[in-house]
Protein chains: 4
Amino acid sequence: MERTKKGKSAKNRIVTAAWQLFHEKGYNGTTVDDIIALSGTSKGSFYYYFNTKDELLNTLSVILDDFYEELESRMNPDLNSFVKLLNVNYEAHKMIEENISIDLIASLYSTQLVSQGQRNLLDQNRTYYKFITRIVTEGQMRGQIRNDMSATEITKYFTMCERALVSDWCLSRGEFSLSEYSHKCMPVMLEHFKA
Amino acid sequence: MERTKKGKSAKNRIVTAAWQLFHEKGYNGTTVDDIIALSGTSKGSFYYYFNTKDELLNTLSVILDDFYEELESRMNPDLNSFVKLLNVNYEAHKMIEENISIDLIASLYSTQLVSQGQRNLLDQNRTYYKFITRIVTEGQMRGQIRNDMSATEITKYFTMCERALVSDWCLSRGEFSLSEYSHKCMPVMLEHFKA
Amino acid sequence: MERTKKGKSAKNRIVTAAWQLFHEKGYNGTTVDDIIALSGTSKGSFYYYFNTKDELLNTLSVILDDFYEELESRMNPDLNSFVKLLNVNYEAHKMIEENISIDLIASLYSTQLVSQGQRNLLDQNRTYYKFITRIVTEGQMRGQIRNDMSATEITKYFTMCERALVSDWCLSRGEFSLSEYSHKCMPVMLEHFKA
Amino acid sequence: MERTKKGKSAKNRIVTAAWQLFHEKGYNGTTVDDIIALSGTSKGSFYYYFNTKDELLNTLSVILDDFYEELESRMNPDLNSFVKLLNVNYEAHKMIEENISIDLIASLYSTQLVSQGQRNLLDQNRTYYKFITRIVTEGQMRGQIRNDMSATEITKYFTMCERALVSDWCLSRGEFSLSEYSHKCMPVMLEHFKA
DNA sequence: GATGAATGAGACTTCATTCAT
DNA sequence: GATGAATGAAGTCTCATTCAT
């Protein structure tokens with residue numbers, strides 16, 4: 001019992017400290033030493049819980065997935081599925097814009113592009129992918145989304161579009177509003193799939 | 001002018017050596033020491049011409065722009081402008097797929113996302129951007145591309161789509177063919193702009 | 001204590017390698033890369049143990065202090081204290097002349113003059129200073145050394161004289177014998193303190 | 001004619017700028033680039049007039065020699081020669097302490113210890129050496145300074161003592177007053193030579 | 001599970017100095 | 001005499017990561 005509690009608190013302390021520092025100093029600006037100093041743990045513990053520093057960044061997808069879970073629960077199920085997709089995109093990008101530092105997202109994308117490990121951004125098992133696939137399937141059954149491509153394919157396309165928008169937002173260093181630009185572009189990008 | 005010969009040869013030797021090594025060992029696998037050893041120059045010279053190793057990667061856009069210049073010259077000017085855009089995309093992505101290592105493109109994107117310096121990927125003065133804008137403008141005048149958005153906006157959108165495809169190709173580590181996937185997706189992504 | 005073996009061996013390997021190289025190629029002729037290559041360690045380790053290359057040079061005082069310790073043990077305690085001082089000087093300068101390269105001593109003095117760090121040459125806690133002070137105090141008690149200045153002051157003066165001789169020996173690039181010249185000058189310089 | 005004038009002004013501008021910067025930022029803190037920037041000359045010119053940066057530092061001895069020349073002219077010739085020596089020492093060290101940054105003197109000594117070039121500090125042709133030798137010779141003839149050592153030897157000894165004091169002052173980073181300490185020590189160091 | 005000393009790798013800096021024009 | 005682009009040589013820094021205890 002005490003092992004679990006202690007273990008949890010150690011890992012938790014690391015994650016909490018890390019995210020606090022990431023927000024303050026950015027991902028690359030935060031060193032593992034900073035993290036263990038603030039969390040009151042040690043190098044050894046850090047690498048006991050995480051194989052690499054990058055892995056910490058991956059916990060970002062957990063945060064995002066929590067958001068999607070919450071979003072699904074408060075969404076009107078009867079809404080047109082195509083509109084749902086646009087809504088989901090808008091809400092998510094608004095959240096990212098408002099709550100997550102652009103530097104962190106940029107670091108996440110940058111890291112995933114060159115890392116050897118798993119690439120969460122494309123992990124099909126994420127709540128995110130399942131959520132989008134559900135909407136697409138539903139839309140196809142309801143006749144609100146085109147049927148001539150598989151739900152999986154459409155989901156892949158949709159998520160690529162979202163990554164494109166986020167990626168360009170990062171590249172431009174936030175010179176434009178992510179949610180506004182998504183609001184304008186997504187309908188264009190998805191036009192083809194409207195039934 | 002009189003110093004061009006020498007100056008060029010020093011900087012050129014570095015760039016040439018760098019790209020040779022990048023192809024052999026990848027970007028991260030190539031050290032600055034490797035580059036100066038192969039080019040027969042020195043750290044001093046390297047950092048005299050480039051502020052960081054990343055800056056070398058930016059010379060990739062020069063290579064690409066050379067390609068676009070050549071592509072434009074061999075393109076049939078009478079082709080439908082919308083089709084031209086699709087062609088340009090296909091040819092470029094085929095070239096990237098065939099001639100440039102995926103690791104290099106991934107490194108370029110990764111670096112540009114977090115670097116402090118200029119971000120060539122978005123530099124509107126590149127031959128690439130001018131070339132695309134020219135086609136779009138021409139298409140609008142010919143009535144082959146929609147008129148309700150400015151040529152600049154459409155170009156921005158087009159290039160974002162291309163980046164999206166390349167980026168996802170990198171993220172998936174080349175599990176699919178970039179040119180094939182682009183061939184399939186671009187018409188969908190651009191559908192809205194066909195007049 | 002349990003880590004002593006390993007820790008010592010790493011730092012020790014560096015120090016040993018460094019001094020071997022210093023003797024072979026001189027201080028300035030020895031690069032940090034040479035040192036880590038010979039010691040089989042790394043830049044990281046080097047700068048983990050020493051803040052700068054200069055700091056290594058400071059370990060010379062350890063060597064000297066070892067000598068003084070040994071010298072004290074083999075000295076006849078009943079000898080007149082004033083003579084003792086002259087003896088210590090002569091023996092030390094003979095040892096320096098015979099065993100330590102003039103280039104190393106010159107580098108040590110040169111470095112200490114402009115370095116920001118601690119200046120071992122003047123560190124009052126060195127065995128050397130304590131040893132000299134002991135002789136002076138003893139001499140004062142025995143009535144062999146004048147009493148009208150504190151032992152500390154006399155020690156300071158004595159050591160300055162020694163530094164002067166070594167320094168001039170270095171400046172003249174060993175054109176004269178350090179021990180011979182000291183043998184001639186020290187009695188003159190210390191004359192005032194003979195009781 | 002214009003060549004001479006221009007040449008002189010170029011070299012002069014370099015020297016003036018250098019010393020201004022040496023006082024502001026210290027010798028090591030001043031780069032050749034700084035000097036040519038302030039003097040409005042060029043790298044090429046700098047190395048046309050000076051073989052190395054160190055050579056600039058040597059111009060310090062010119063400044064000192066000017067001082068000694070001036071000092072000799074305002075000294076009472078009838079003064080006891082032994083006292084003269086003490087006076088010269090005191091006046092010189094007071095001047096150094098008041099007008100020349102300790103960092104510069106330290107750099108001069110440091111550089112001379114390891115430089116390959118000429119070592120002005122020991123250059124017997126300097127006004128300084130000649131001046132001191134003159135006083136010693138005069139004192140020996142007058143019976144005020146001992147005769148059992150050559151004037152050259154005594155001069156060498158005297159100058160070593162002065163260097164010792166300056167050197168220790170630099171090593172201690174000016175923790176004591178150079179002129180005060182010299183005032184106290186020189187009589188002791190020279191005691192032997194008083195006739 | 002926890003620790004932190006030690007390591008490895010390589011980027012980057014700094015400047016004095018050289019040399020072709 | 002003058003210029004400054006180019007060079008060479010090392011020193012230094014930064015960190016993520018490993019491993020023996």
Side-chain angles (χ1 to χ4, degrees), chain A residues 2-4 6-8 10-11 28-37 40-56, chain B residues 1-7 9-11 14 28-36 40-54, chain C residues 1-7 9-11 14 28-36 40-54, chain D residues 2-4 6-8 10-11 28-37 40-56:
Chain A
E2 72 253 322
R3 207 175 49 194
T4 313
K6 265 206 130 185
K8 225 187 173 183
K11 187 171 183 180
N28 284 317
T30 301
T31 70
V32 175
D33 278 302
D34 291 338
I35 297 170
I36 64 164
T41 53
S42 69
K43 282 274 175 74
S45 297
F46 183 92
Y47 283 95
Y48 179 76
Y49 291 114
F50 303 94
N51 289 312
T52 68
K53 187 186 164 197
D54 288 358
E55 262 187 40
L56 257 180
Chain B
M1 191 75 91
E2 55 286 323
R3 208 178 290 101
T4 308
K5 220 190 320 171
K6 254 227 127 185
S9 90
K11 189 172 182 178
I14 290 173
N28 284 317
T30 301
T31 71
V32 173
D33 281 304
D34 291 339
I35 296 170
I36 64 169
T41 54
S42 70
K43 281 268 174 71
S45 301
F46 185 91
Y47 284 98
Y48 180 75
Y49 290 116
F50 304 95
N51 289 312
T52 65
K53 188 186 164 196
D54 290 356
Chain C
M1 190 76 92
E2 54 286 323
R3 208 179 286 101
T4 308
K5 221 191 321 169
K6 253 228 127 184
S9 89
K11 188 171 184 177
I14 290 174
N28 285 318
T30 301
T31 70
V32 174
D33 279 305
D34 290 340
I35 297 170
I36 64 168
T41 54
S42 69
K43 284 268 174 74
S45 301
F46 185 91
Y47 284 98
Y48 180 75
Y49 290 115
F50 304 96
N51 288 312
T52 66
K53 186 185 163 195
D54 290 357
Chain D
E2 72 254 321
R3 208 173 49 193
T4 313
K6 265 209 132 183
K8 224 185 175 183
K11 186 170 184 178
N28 284 319
T30 301
T31 70
V32 175
D33 277 302
D34 290 340
I35 297 170
I36 63 165
T41 53
S42 69
K43 281 276 174 73
S45 296
F46 183 92
Y47 283 96
Y48 179 78
Y49 291 114
F50 303 94
N51 289 311
T52 67
K53 186 185 163 195
D54 288 358
E55 261 187 42
L56 258 181

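All chains are named by letter (A, B, ...) in the order of the sequence lines, taking the proteins before the strands, and each is independently numbered beginning at 1.
Atom OH in Tyr48(D) sits about 16 Å away from atom C1' in dT18(E), given to the nearest Å. Atom P of nucleotide dC15(E) and atom CG of Asp54(D) are separated by 15 Å, given to the nearest angstrom. Taking atom CZ on Phe50(A) and atom C1' on dT17(F), their separation rounds to 15 Å, with Å as the unit. Going from atom CG of Asp33(D) over to atom C1' of dA5(F) covers 12 Å, rounded to whole Å. As a whole-Å value, the separation of Asp34(B) CG from dA11(E) P is 8 Å. Here dT3(F) presents its C1' atom at 14 Å from OH of Tyr47(D), a figure rounded to the nearest Å. Asn28(D) places its CG atom 12 Å from the C1' atom of dT14(E), with the value rounded to the nearest Å. Protein atom CD1 of Ile36(C) is 12 Å distant from nucleotide atom P of dG10(E), rounded to whole Å.
Along DNA chain F, the nucleotide closest to Asn51(C) and the one closest to Ile14(B) are compared, and the more 5′ of them pairs with Ile14(B). Residue-to-nucleotide proximity on DNA chain F shows that, of Gly44(A) and Thr30(C), the 5′-proximal contact is made by Thr30(C). Between Thr41(A) and Val32(B), the residue anchored nearer the 5' end of DNA chain E, judged by the nucleotide with its closest heavy atom, is Thr41(A).
Distance from the side chain of Thr52(B) is smallest to dC12(E) among dT12(F), dA16(E), dC12(E). Which of dT7(F), dA11(E), dC15(F) sits closest to the side chain of Thr31(A) comes down to dC15(F).
Note that OG of Ser45(C) and CD1 of Ile14(C) are 6.0 Å apart. Values are rounded to the nearest 0.5 Å.
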Practice problem: For the pair Thr52(D) and Tyr47(D), evaluate side-chain contact (heavy atoms from CB on, under 4.5 Å) and give the outcome as yes or no after the intermediate values. | Solution: CA-CA 7 Å; Thr52(D) 67; Tyr47(D) 283 96; 5.5 Å; no
Quiz prompt | Criterion side-chain contact (heavy atoms from CB on, under 4.5 Å) on Thr41(C) and Phe46(C), from CA distance to verdict | solution = CA-CA 7 Å; Thr41(C) 54; Phe46(C) 185 91; 5.6 Å; no
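OP1 or OP2 of dT3(F) lies within a sub-4.0 Å distance of a side-chain N or O belonging to Ser42(D). Distances shown here put a side-chain N or O of Tyr49(C) below 4.0 Å from the OP1 or OP2 atom of dA6(E). For Ser45(B) and dT7(F), the shortest distance from a side-chain N or O to OP1 or OP2 is below 4.0 Å.
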Quiz item: According to the Watson-Crick and G-U wobble definition with distances under 3.5 Å, which dot-bracket string, read 5' to 3', encodes DNA chain E, using [ ] for crossing pairs and | for pairs with another strand?
Solution: .||||||||||||||||||||
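If you check distances only, the side chain of Lys43(C) does reach the base of dT12(F) with a donor-acceptor pair under 3.5 Å.
Relative to the ring axis of Tyr48(D), Lys11(D) does not place its NZ or CZ within 45° and under 6.0 Å from the centre.
At distances below 3.5 Å, at least one donor-acceptor pair connects side-chain atoms of Lys53(C) with backbone N or O atoms of Thr30(C).
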